[in-house]
Participant: 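Pasting a structure here, questions to come.
Below, each value reflects all heavy atoms present in this structure, side chains not excepted, and no hydrogens, waters or symmetry copies.
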There are 2 protein chains.
Amino acid sequence: MHSPELLKGTLQTIVLKVLKDHGRMYGYEITQRVKELSDERILLTEGALYPTLHKLEAEGMLKTESESIGKRVRKYYTLTPQGKSLVKERVAELADFIKTMSNVLQVKLA
Amino acid sequence: MHSPELLKGTLQTIVLKVLKDHGRMYGYEITQRVKELSDERILLTEGALYPTLHKLEAEGMLKTESESIGKRVRKYYTLTPQGKSLVKERVAELADFIKTMSNVLQVKLA
DNA sequence: GTCTAATGCCTAAGACAATTATGTATTAGG
DNA sequence: CCTAATACATAATTGTCTTAGGCATTAGAC
């Protein structure tokens with residue numbers, strides 16, 4: 001697990017990007033996917049994830065559909081067209097940030 | 001300038017690393033060096049820098065010497081042996097974080 | 001058959017690092 | 001003379017996240 005401080009500011013970008021690549025997903029699924037992609041290093045907490053999803057929805061970046069699985073309800077999220085634009089922006093921004101940090105730290109990126 | 005949220009958690013690492021590479025430095029000098037290394041993208045604010053330097057000093061990671069330049073006083077910071085260990089840790093941690101993020105975002109790092 | 005871990009959603013209180021806003025003072029340059 | 005750059009510093013506020021709750025269903029172990 002990474003020092004959680006480093007994750008700050010990256011959560012929205014991660015969520016958006018995973019949704020872009022995978023399409024329709026529900027909250028829990030997103031946490032699992034990120035866990036997998038990050039090799040257990042990024043463990044999204046629910047207290048951070050759900051507020052973020054709700055915020056992105058309120059801003060019109062995501063739309064939702066609820067689906068019943070047995071007696072359980074799943075809430076699926078999909079990117080809106082606006083959301084798709086935002087992903088590009090955010091990913092570009094974070095990629096640029098990563099490159100800048102690599103320069104400053106003079107770290108080689110294999 | 002980057003979205004400032006992304007910087008969170010990286011400030012200590014940046015300061016430590018710059019001090020390791022350049023040796024004895026004073027606060028203002030650090031801001032200028034980081035600005036240069038980051039191609040104007042990372043502009044350390046004083047409200048963040050000085051508290052960080054003081055904190056690292058209080059933890060025994062840095063030692064200080066004051067020097068008079070004309071009527072002005074400069075406070076020079078140098079890494080202690082403990083500080084040198086910390087740099088390695090922090091840089092390794094951040095490098096690992098960067099790699100993880102690159103995987104999750106599937107960004108190519110030229 | 002019962003108990004635990006995993007699945008699945010959610011909100012609220014608090015921590016923490018950084019931004020923004022100040023304050024003070026010196027020095028170089030137009 | 002006045003402004004921008006140099007140089008230090010602290011306080012109030014902001015924002016994102018962690019921690020800590022709460023609720024309910026389902027699969028699997030024993």
Side-chain angles (χ1 to χ4, degrees), chain A residues 1-16 24-36 38 40-59 62 64-77 90 93-94 97 101, chain B residues 1-16 24-36 38 40-59 62 64-77 90 93-94 97 101:
Chain A
M1 183 60 174
H2 285 297
S3 162
E5 276 309 322
L6 293 175
L7 262 316
K8 294 241 174 178
T10 64
L11 181 56
Q12 269 199 19
T13 308
I14 291 172
V15 168
L16 288 166
R24 195 165 169 272
M25 294 177 91
Y26 54 97
Y28 185 77
E29 194 183 5
I30 294 173
T31 65
Q32 298 309 301
R33 180 81 182 126
V34 171
K35 185 176 166 186
E36 189 192 330
S38 69
E40 313 272 306
R41 284 185 181 82
I42 300 178
L43 306 173
L44 300 188
T45 59
E46 299 175 313
L49 177 67
Y50 290 111
T52 295
L53 287 170
H54 301 160
K55 191 181 174 224
L56 287 171
E57 189 189 0
E59 288 166 353
L62 304 177
T64 63
E65 304 158 83
S66 289
E67 203 166 289
S68 293
I69 310 292
K71 283 180 179 169
R72 236 185 245 169
V73 175
R74 269 187 202 160
K75 218 165 147 186
Y76 281 93
Y77 292 87
R90 285 281 205 280
E93 184 184 42
L94 190 45
F97 173 72
M101 285 305 284
Chain B
M1 183 61 175
H2 285 295
S3 164
E5 276 310 321
L6 293 175
L7 260 318
K8 296 240 173 177
T10 65
L11 180 57
Q12 269 201 18
T13 307
I14 290 172
V15 168
L16 288 166
R24 195 165 168 272
M25 294 178 92
Y26 55 98
Y28 185 77
E29 195 182 5
I30 294 174
T31 66
Q32 298 309 300
R33 180 79 182 128
V34 170
K35 187 176 166 187
E36 191 192 330
S38 69
E40 313 273 304
R41 283 186 182 83
I42 300 178
L43 307 174
L44 300 187
T45 59
E46 298 173 311
L49 177 67
Y50 290 112
T52 295
L53 287 171
H54 300 160
K55 193 183 172 220
L56 287 170
E57 189 189 359
E59 289 168 351
L62 303 177
T64 62
E65 303 159 85
S66 288
E67 203 165 290
S68 293
I69 309 293
K71 283 181 181 170
R72 232 186 249 167
V73 175
R74 266 189 203 157
K75 217 165 148 186
Y76 280 94
Y77 292 87
R90 285 280 205 279
E93 185 184 41
L94 189 45
F97 173 73
M101 284 306 282

Participant: Does the dT16(D) base have a donor-acceptor partner in the side chain of Lys8(A) within less than 3.5 Å?
Facilitator: yes
Participant: For the side chain of Tyr26(A), starting at C-beta, report the closest nucleotide among dA17(C), dC9(C), dT18(D).
Facilitator: dC9(C)
Participant: How long is the straight-line distance from OH of Tyr77(A) back to CD of Glu57(A), given to the nearest 0.5 Å?
Facilitator: 5.5 Å
Participant: Which heavy-atom pair separates Phe97(A) from Thr10(B) by the least distance, and what is that distance?
Facilitator: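 Minimum heavy-atom separation between Phe97(A) and Thr10(B): CZ-CG2, 4.2 Å.
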Participant: To the nearest 0.5 Å, what is the distance between CG on Leu53(B) and NZ on Lys75(B)?
Facilitator: 8.5 Å
Participant: With DNA chain C as reference, determine whether Leu53(A) or Gln32(A) sits nearer its 5' end, using the nearest nucleotide of each.
Facilitator: Gln32(A)
Participant: Which part of the nucleic acid, if any, lies within reach of Arg72(B) when heavy atoms closer than 4.0 Å are counted: base, sugar-phosphate only, or nothing?
Facilitator: base
Participant: Nearest heavy atom decides the nucleotide; on that basis, is Leu11(A) or Ile69(A) closer to the 5' end of DNA chain D?
Facilitator: Leu11(A)
Participant: Calculate the interatomic distance between Ile42(B) atom CD1 and dT19(C) atom P; express it in whole Å.
Facilitator: 11 Å
Participant: Output the rounded distance in Å from CG (Leu56(B)) to C1' (dA17(C)).
Facilitator: 13 Å
Participant: What nucleotide, of dT19(D), dT27(C), dC10(C), holds the atom closest to the side chain of Thr45(A)?
Facilitator: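 Shortest atom-to-atom distance from the side chain points to dT19(D).
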Participant: Closest approach to the side chain of Lys55(A), judged atom by atom: which nucleotide of dT11(C), dT26(C), dT16(D) is it?
Facilitator: dT16(D)
Participant: Which whole-number value in Å describes the distance from Tyr77(B) OH to dA7(D) P?
Facilitator: 14 Å
Participant: Find the distance Glu57(A):CD to dC10(C):C1' and express it as a whole number of Å.
Facilitator: 13 Å
Participant: State which of dC8(D), dT19(D), dC9(C) makes the closest approach to the side chain of Arg74(A).
Facilitator: dC9(C)
Participant: Taking all atoms of both residues into account, what is the closest heavy-atom pair of Val73(B) and Ser66(B), and its distance?
Facilitator: CG1-CB, 4.0 Å
Participant: Leu49(A) CG to dC10(C) C1': how many Å, rounded?
Facilitator: 11 Å
Participant: What are the two closest non-hydrogen atoms of Ala48(A) and Thr52(A), and how far apart are they?
Facilitator: O-OG1, 2.9 Å
Participant: Rounded to whole angstrom units, what separation is found between the CD atom of Glu36(A) and the C1' atom of dA6(C)?
Facilitator: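 Between C1' of dA6(C) and CD of Glu36(A): 17 Å.
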Participant: Just the rounded figure in Å: distance from P of dA17(C) to CD1 of Ile14(B).
Facilitator: 15 Å
Participant: Any base atoms under 4.0 Å from Gly47(B), or only sugar-phosphate, or nothing? Heavy atoms, all strands.
Facilitator: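 Base, at least one base heavy atom under 4.0 Å.
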Participant: Side chain of His54(B), heavy atoms from C-beta onward: which of dT18(D), dA9(D), dC8(D) has the nearest atom to it?
Facilitator: dA9(D)
Participant: Strictly distance-based, threshold 3.5 Å: is any side-chain N or O of Gln32(B) a donor or acceptor partner for the main-chain N or O of Glu29(B)?
Facilitator: no
Participant: Taking both distances under 3.5 Å as the test for a Watson-Crick or G-U pair, what stems of at least three pairs does DNA chain D have?
Facilitator: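 Result, WC/G-U stems under 3.5 Å: C:1-30 with D:1-30.
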Participant: Between dT25(D), dA18(C), dC10(C), spot the one nearest the side chain of Ala48(B), thanks.
Facilitator: dA18(C)
Participant: Would you check if the side chain of Ser68(B) reaches a backbone N or O of Lys71(B) as a donor-acceptor pair within less than 3.5 Å?
Facilitator: no
Participant: Taking the side chain of Tyr50(B) as its heavy atoms from C-beta onward, which of dG15(D), dA7(D), dC10(C) lies nearest to it?
Facilitator: dA7(D)
Participant: Looking only at side-chain atoms of Glu46(B), point me to the closest of dC9(C), dA9(D), dA18(C).
Facilitator: dA9(D)
Participant: Start with the C-alpha distance between Glu65(B) and Arg74(B), add both sets of side-chain angles, then the distance that settles salt bridge (charged side-chain N to carboxylate O under 4.0 Å, His left out), and finish with yes or no.
Facilitator: CA-CA 8 Å; Glu65(B) 303 159 85; Arg74(B) 266 189 203 157; over 6 Å; no
Participant: What integer distance in Å separates Leu43(A):CG from dT19(D):P?
Facilitator: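 Distance, rounded to whole Å: 11 Å.
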